[in-house]
There are 2 protein chains.
Amino acid sequence: MAAHASPGPAGTTIYSVADAAGVSIATVSRVLAGSQVVSQRTRDKVLAAVDRLDYTPSASARSLAVRQHEALGLVLPELDGPYFSELLMGFEEAAADLGLSVVLSLADRGRGLDATRFQRLAAGVDGLAVLGGIVDDEALRRTARQKPLLVVAGAETPGVDRLSAENVTSSTELTSHLLGTHGRTAPVFVGDPDIAPDVRQRHDGFVAALEAHDVAVPEPLRVGLRESDGVAAAELLLARHARPDAVVCANDETALAVLDRLVDAGLDVPGEVSVTGWDDIMTARYVRPGLTTVRQPVRELGALVARRLHERITGVDPAPQDALATRVVLRGSCGCPGDARRTRP
Amino acid sequence: MAAHASPGPAGTTIYSVADAAGVSIATVSRVLAGSQVVSQRTRDKVLAAVDRLDYTPSASARSLAVRQHEALGLVLPELDGPYFSELLMGFEEAAADLGLSVVLSLADRGRGLDATRFQRLAAGVDGLAVLGGIVDDEALRRTARQKPLLVVAGAETPGVDRLSAENVTSSTELTSHLLGTHGRTAPVFVGDPDIAPDVRQRHDGFVAALEAHDVAVPEPLRVGLRESDGVAAAELLLARHARPDAVVCANDETALAVLDRLVDAGLDVPGEVSVTGWDDIMTARYVRPGLTTVRQPVRELGALVARRLHERITGVDPAPQDALATRVVLRGSCGCPGDARRTRP
DNA sequence: TTGTATGCGTTATCAC
DNA sequence: GTGATAACGCATACAA
């Protein structure tokens with residue numbers, strides 16, 4: 001065990017330092033701000049005092065004075081899986097490079113983030129990014145009127161900017177690959193388009209491909225995005241009289257579970273049925289057959305979001321930005337010559 | 001596209017509200033604080049004004065006044081893999097429940113977090129948690145003197161509290177299982193004990209088991225914790241004249257890579273060689289044979305850290321806390337009847 | 001029940 | 001080059 005909260009130099013303020021150095025607080029402030037006008041001699045005195053007293057300026061006092069929090073907010077769903085980690089990493093790194101700290105808020109799956117917490121978060125930052133579908137539109141618009149706000153991978157909302165990775169086109173490409181190259185004729189989409197704008201767009205792309213190939217569009221299997229949802233979907237699929245010959249899943253977690261459950265039930269993947277995912281998480285490379293999926297530049301997206309926020313905060317007019325390009329990654333689960341070895345990122 | 005930074009009700013302060021409601025700022029403050037002394041009539045007037053003006057109190061002004069940031073800091077390495085996500089989730093959730101926000105700082109792998117950023121972070125929170133091995137001891141001690149600081153899964157540092165999951169005992173248990181149940185005689189440890197206190201403790205447990213079984217203790221294979229490090233380790237192992245019959249890896253990422261590479265090279269796992277990991281990440285359940293590993297209550301750890309920090313901030317004397325218990329998860333890769341189906345969490 | 005006045009720790013605008 | 005001093009926006013002790 002160790003020292004409890006401490007009597008230490010806790011109450012050290014700019015006044016203490018000024019006293020100790022025999023100067024005014026203005027001078028201390030100047031020195032700490034790196035102003036060039038102060039003489040070398042004074043500077044040294046001040047720095048010595050700062051060091052001796054172990055002084056750190058109060059962040060809130062500073063924020064209050066400069067009218068800036070020098071912080072960015074980020075609202076994410078409970079993050080498991082690499083998607084959110086990556087997004088967060090990209091965001092944090094970019095923010096740090098800009099000298100901004102990031103305050104993070106995680107929403108409970110399902111419930112979303114309540115307006116109060118959201119507002120409190122917004123109050124402590126200069127701008128914030130919110131993953132699509134977590135905060136309701138009304139709260140979003142209200143906040144957007146107060147400070148820079150960006151919705152990531154979300155639905156279009158009047159009055160609020162957004163940024164995301166491309167979905168529709170690559171989903172069409174992926175599905176067409178299944179229909180064309182692998183001659184699939186009865187594909188099904190696993191995922192609930194209403195659960196998230198991403199999923200909706202992926203479904204849209206799926207539908208577009210089917211229509212282009214004159215294939216009847218089946219109702220999507222509306223399940224969530226977790227492993228357990230994939231298992232449930234697989235059971236449903238297995239119970240059907242007419243089984244699909246291709247399962248296009250909304251993300252890798254569900255796809256992996258489906259793949260696994262199907263193989264388990266004795267089906268030949270990709271012989272009888274193709275399975276695809278979305279995200280290209282680590283496990284996608286390790287399973288056999290390797291999971292065909294779509295890779296998104298998630299980290300870059302996170303970084304871009306932070307930089308864009310900063311631009312808006314500093315008043316720079318941000319250049320219009322298209323959705324970030326994604327890439328279909330072909331492995332064995334769709335029917336491609338599943339290289340036994342996996343494709344490295 | 002949407003509204004740029006906005007002329008909106010940005011400069012709305014408690015004074016505006018007071019004016020609009022025809023009361024003093026003290027009353028506004030009271031209403032917002034939920035004080036019961038104010039009359040219903042006034043309360044309504046104020047609330048109406050707040051709503052009409054879309055007022056949100058300034059976080060920094062409030063912090064300055066109450067001398068509290070109502071925020072917790074968390075310093076993590078760049079988080080990939082579920083370990084950090086889980087820790088973060090547990091931490092954030094507990095913090096949110098306590099009404100605290102969390103500001104996150106990610107350290108570049110290797111370099112650690114520079115003292116300046118660390119200090120800036122510390123200045124904006126009431127207490128912070130740091131993952132072991134990221135910030136140097138000196139900076140740690142200095143900060144610990146100023147405000148509650150907790151090191152998670154770190155080395156013992158005089159004057160700094162810490163909290164972690166159990167490592168040594170479960171590592172001994174795991175290794176003994178290899179030596180006893182599976183009759184292994186030439187195990188090797190993959191991981192650098194100097195890279196992190198966790199790894200050191202796992203190695204310590206490994207060594208203890210060998211000594212208890214009168215097995216010569218080999219030099220550990222000092223590599224990092226990423227997949228690529230595991231690949232490198234596997235190559236090294238494969239090149240040896242005398243190959244080990246058990247590979248105890250410091251975490252799952254490296255273990256999976258080792259497992260994969262070994263199987264690839266034609267070795268029989270677990271016939272010729274056992275492979276084990278640590279963490280029980282998702283992929284561990286999906287590979288064949290399933291990866292034997294150790295599961296840590298990471299999320300609980302994160303939550304515990306946040307609560308403990310809060311206790312110390314509020315002056316509660318925290319009860320002494322042992323390391324959190326971990327659990328060995330036996331799957332196929334050690335030689336156990338690798339249930340083809342995986343063990344669910 | 002409500003209002004007045006002061007302090008919180010900085011930054012920044014003036015003078016000197 | 002340096003020092004008073006006024007904001008910054010809120011909480012709160014004290015009066016009324």
Side-chain angles (χ1 to χ4, degrees), chain A residues 9-47 49-50 53-71 99 119-120 122-126 146-147, chain B residues 9-47 49-50 53-71 99 119-120 122-126 146-147:
Chain A
T12 314
T13 78
I14 198 172
Y15 289 96
S16 340
V17 178
D19 273 7
V23 300
S24 75
I25 64 165
T27 299
V28 176
S29 184
R30 288 192 194 98
V31 171
L32 264 45
S35 160
Q36 289 307 320
V37 304
V38 35
S39 81
Q40 189 58 44
R41 225 178 85 63
T42 344
R43 174 188 314 279
D44 291 344
K45 277 194 306 189
V46 172
L47 256 21
V50 165
L53 270 51
D54 204 5
Y55 166 70
T56 309
S58 150
S60 35
R62 177 181 159 74
S63 295
L64 183 55
V66 298
R67 302 149 155 293
Q68 285 254 31
H69 301 279
E70 297 173 306
Q119 199 156 349
R120 271 202 44 185
V125 299
D126 300 319
Q146 317 243 107
K147 47 186 71 178
Chain B
T12 315
T13 79
I14 197 173
Y15 289 97
S16 340
V17 178
D19 273 6
V23 299
S24 77
I25 64 164
T27 299
V28 176
S29 183
R30 288 192 194 98
V31 172
L32 264 46
S35 161
Q36 289 308 321
V37 303
V38 33
S39 81
Q40 188 58 45
R41 224 179 86 63
T42 342
R43 175 188 313 281
D44 290 345
K45 276 194 308 188
V46 172
L47 257 20
V50 164
L53 269 52
D54 203 5
Y55 166 69
T56 309
S58 151
S60 35
R62 177 181 161 78
S63 296
L64 184 56
V66 298
R67 301 147 154 293
Q68 286 254 31
H69 300 280
E70 299 174 305
Q119 199 155 348
R120 270 200 45 185
V125 298
D126 301 318
Q146 317 243 106
K147 49 186 71 178

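Between B:I25 and B:A61, it is B:I25 whose nearest contact on DNA chain C lies nearer the 5' terminus.
Rounding to whole angstrom units, CZ of residue A:R62 and C1' of C:dT10 are separated by 8 Å. Rounded to a whole Å, the CG atom of A:D19 is 16 Å from the C1' atom of D:dT2. As a whole-Å value, the separation of A:L32 CG from C:dG9 P is 16 Å. Across the protein-nucleic acid pair, A:Q68 atom CD and D:dC8 atom C1' stand 13 Å apart, rounded to whole Å. Taking atom CD of residue A:Q146 and atom P of nucleotide D:dG9, one finds them 14 Å apart after rounding to whole Å. Atom P of nucleotide D:dT2 and atom CD of A:Q40 are separated by 11 Å, given to the nearest angstrom. Distance, B:I14 CD1 to D:dC10 C1': 6 Å, rounded to whole Å. If you take CZ of B:R41 and C1' of C:dT2, they are 13 Å apart, rounded to a whole angstrom.
OP1 or OP2 of D:dG9 lies within a sub-4.0 Å distance of a side-chain N or O belonging to A:R67. Dashed line: the shortest gap from a side-chain N or O of A:S24 to OP1 or OP2 of D:dG3 is under 4.0 Å. When the side-chain nitrogen and oxygen atoms of B:Y15 are compared with OP1 and OP2 of D:dA7, none of them lie within a distance under 4.0 Å. Applying the 4.0 Å criterion to OP1 and OP2 of D:dG1, one finds that A:S39 has every side-chain N and O outside that range. Contact check, B:S29 against D:dC10: no side-chain N or O comes under 4.0 Å of OP1 or OP2. For the OP1/OP2 pair of C:dG9 and a distance below 4.0 Å, the side-chain nitrogens and oxygens of A:S60 include no atom meeting the criterion. Listed pair B:S58 / D:dC10 fails the phosphate criterion, with no side-chain N or O lying under 4.0 Å from OP1 or OP2.
For the atom pair CG (B:D19) and OG1 (B:T13), the distance works out to 8.0 Å, reported to the nearest 0.5 Å. With values rounded to the nearest 0.5 angstrom, B:S16 atom OG is found 11.5 Å from B:D54 atom CG. To the nearest 0.5 Å, the span separating CG on B:D126 from NE2 on B:H69 amounts to 5.5 Å.
Between D:dT2, C:dT11, D:dA11, one nucleotide has an atom nearer to the side chain of A:A65 than all others, and that is C:dT11. Nearest to the side-chain atoms of A:A26 among the listed nucleotides D:dC10, C:dT10, C:dA12 stands C:dA12. Set against D:dT2, C:dG9, D:dG9, the side chain of A:T27 has D:dT2 as its closest nucleotide.
Of all non-hydrogen atoms in A:A20 and A:A49, the two that sit nearest each other are CB-CB, 4.0 Å. Nearest heavy-atom pair across B:L64 and A:A61 is CD1-CB, 3.7 Å.
Applying the 3.5 Å distance criterion, the base of D:dG3 shares a donor-acceptor pair with the side chain of A:R30.
Looking at heavy-atom distances under 4.0 Å, A:V23 makes contact with sugar-phosphate atoms alone, never a base. If you check every strand for non-hydrogen atoms under 4.0 Å, A:V66 touches sugar and phosphate atoms only. Across all strands shown, A:T42 has heavy atoms under 4.0 Å from sugar-phosphate atoms exclusively, and none from any base. Residue-level contact check: A:V37 touches the bases, meaning some heavy atom is under 4.0 Å from a base atom.
For the pair B:R120 (side chain) and A:A59 (backbone), a donor-acceptor distance under 3.5 Å is absent.
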